[in-house]
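First up is the structure itself, then whatever we jot down about it.
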Amino acid sequence: SATYQKIEGTMLDADATSSTYGKLVAFSQDKNLNLSNEQDNIFDISGAVPAMSQTATFAVKNNGNISFDCEIRICDLLVDNAKSADVALSNQMLIKIACGTSVKEFILSDCDKEDSMLVIEDIAPDAEKTFSISAIFLNSDDYVNQFDNSDAMGGNASFDITIIATQCY
């Protein structure tokens, strides 16, 4: 089984009456949803600004009798290549998949590369492993980044999260 446990991070305060209106504010929301039935978006980053981030936490449980390895990957990236803002956004979003001390980091546009997945090995019967996926809008002011955040204004990108379990034998 796979459960979407919670989402947390930062978002723009859209409440015009708030003292933090237009600024990044922290948020956290428990979800506890069974992923096999879930159709809603996990990440919904609207009005992204540099350094905005969201982290979703998941749990995978082995309800069977045989251990399995679990592969976590981002797939089915949808970007309209005719829209430069969409392409720019996919090149400015950092994805981190983490389980314990194991972490995979990659730019969203590179999600189809073989090294852009995280493998969680040997989940024993009745055991549960927790992992997280973070989406971070990078800052063009960071000296290592060679892009302009303004190029991503109005951009859209969507993707799926895939969990593949393979029995160990």
Side-chain angles (χ1 to χ4, degrees), residues 2-59 71-99 102-119 130-164:
T3 306
Y4 171 26
Q5 295 180 322
K6 70 179 179 177
I7 185 86
E8 58 192 335
T10 56
M11 63 182 191
L12 279 179
D13 186 349
D15 180 359
T17 63
S18 171
S19 63
T20 57
Y21 175 68
K23 296 181 181 177
L24 284 177
V25 293
F27 76 96
S28 181
Q29 185 177 18
D30 290 334
K31 294 292 186 171
N32 297 317
L33 299 171
N34 181 335
L35 280 179
S36 62
N37 301 325
E38 191 56 35
Q39 297 295 318
D40 290 336
N41 291 331
I42 291 176
F43 298 107
D44 187 9
I45 301 175
S46 300
V49 295
M52 178 184 274
S53 67
Q54 292 184 5
T55 299
T57 303
F58 305 89
E71 180 181 297
I72 315 298
R73 67 172 50 236
I74 303 300
C75 64
D76 299 331
L77 175 62
L78 292 177
V79 171
D80 186 342
N81 288 320
K83 295 181 179 177
S84 61
D86 288 8
V87 174
L89 180 63
S90 71
N91 287 321
Q92 295 178 32
M93 293 296 298
L94 177 68
I95 303 295
K96 290 184 184 181
I97 305 173
C99 180
S102 297
V103 178
K104 286 289 180 177
E105 289 186 6
F106 53 92
I107 299 300
L108 179 58
S109 60
D110 292 335
C111 68
D112 61 344
K113 293 186 176 175
E114 187 60 34
D115 64 347
S116 65
M117 63 157 162
L118 180 74
V119 175
T130 301
F131 69 92
S132 64
I133 300 176
S134 300
I136 303 154
F137 187 52
L138 296 173
N139 191 342
S140 61
D141 290 340
D142 186 341
Y143 72 95
V144 299
N145 295 325
Q146 303 296 314
F147 53 77
D148 183 345
N149 286 128
S150 297
D151 293 344
M153 286 180 52
N156 291 300
S158 66
F159 58 87
D160 289 332
I161 298 168
T162 300
I163 303 169
I164 301 169

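Computed from heavy atoms alone, side chains included, the values below leave out hydrogens, waters and symmetry copies. Quick caveat, the model's predicted, so the values are computed rather than measured.
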Inset, instruction - Mind running side chain to side chain contact (heavy atoms under 4.5 Å, CB included) on F106 and L94 for me, showing each step along the way? - result: CA-CA 6 Å; F106 53 92; L94 177 68; 5.9 Å; no
Inset, instruction - Say whether, by atom type as modelled, one donor and one acceptor occur between the side chain of D86 and the main chain of N156 under 3.5 angstrom. - result: yes
Legend entry - F58 vs L35 side-chain heavy atoms within contact, under 4.5 Å: yes
Inset, instruction - Please check if the side chain of N41 supplies one atom and the backbone of F43 the other of a donor-acceptor pair under 3.5 Å. - result: no
Legend entry - Closest non-hydrogen atom pair, N91 against S109: OD1-OG, 2.6 Å
Inset, instruction - Starting from the C-alpha separation in whole Å, work towards a yes-or-no answer on side chain to side chain contact (heavy atoms under 4.5 Å, CB included) for F137 and L89. - result: CA-CA 8 Å; F137 187 52; L89 180 63; 3.8 Å; yes
Legend entry - For I7 against Q54, the heavy-atom pair lying closest together: CD1-OE1, 3.9 Å
Legend entry - T3 side, atom OG1; N34 side, atom CG - distance, nearest 0.5 Å: 6.0 Å
Inset, instruction - Mind checking the NZ-OG spacing from K104 to S116? Nearest 0.5 Å is all I need. - result: 8.5 Å
Inset, instruction - Kindly compute the distance separating CG (L118) from OG (S102), expressed to the nearest 0.5 Å. - result: 5.5 Å
Inset, instruction - Answer whether the closest heavy-atom distance between the side chains of N149 and V49 falls below 4.5 Å. - result: no
Legend entry - Minimum heavy-atom distance between D80 and V87, given as atom pair plus value: O-CG2, 4.2 Å
Inset, instruction - Taking atom types as modelled, find out whether D13 and S18 have a side-chain donor-acceptor pair closer than 3.5 angstrom. - result: yes
Legend entry - L33 side, atom CG; D40 side, atom CG - distance, nearest 0.5 Å: 8.0 Å
Inset, instruction - Would you confirm whether T10, through its side chain, and S53, through its main-chain N or O, come within 3.5 Å as a donor-acceptor pair? - result: yes
Legend entry - Side-chain touch D76/T162, heavy atoms, less than 4.5 angstrom: no
Inset, instruction - Of all the heavy-atom pairs spanning Y4 and I42, show the shortest one and how long it is. - result: OH-O, 3.5 Å
Legend entry - Q5 versus N32, side-chain donor and acceptor atoms under 3.5 Å: no
Inset, instruction - Check whether any side-chain heavy atom of L108 lies under 4.5 Å from a side-chain heavy atom of L77, and answer yes or no. - result: yes
Legend entry - Any side-chain heavy-atom pair of S84 and D151 under 4.5 Å: no
Legend entry - CD1 on I74 to CE on M93, rounded to 0.5 Å: 10.5 Å
Inset, instruction - Using the side chain to side chain contact (heavy atoms under 4.5 Å, CB included) rule, take M52 and L12 through it: C-alpha gap first, then chi angles, then the decisive distance, then the call. - result: CA-CA 8 Å; M52 178 184 274; L12 279 179; 3.9 Å; yes
Inset, instruction - Heavy atoms only: give me the nearest K96-I136 pair and the separation to one decimal. - result: CE-CD1, 4.0 Å
Inset, instruction - Could you tell me whether the side chain of F131 reaches within less than 4.5 Å of the side chain of I72, counting heavy atoms only? - result: yes
Legend entry - Rounded distance [0.5 Å steps], CG in N139 versus CD in Q92: 9.5 Å
Inset, instruction - Taking all non-hydrogen atoms of both residues into account, name the closest pair between C99 and T130 and its distance. - result: SG-O, 3.4 Å
Legend entry - D148 side chain vs S140 backbone, donor-acceptor pair below 3.5 Å: no
Legend entry - Audit row: I133, I95, side chain to side chain contact (heavy atoms under 4.5 Å, CB included) steps and yes/no: CA-CA 7 Å; I133 300 176; I95 303 295; 4.1 Å; yes
Legend entry - More than 12 heavy atoms of other groups within 6.0 Å of F147 CZ: yes
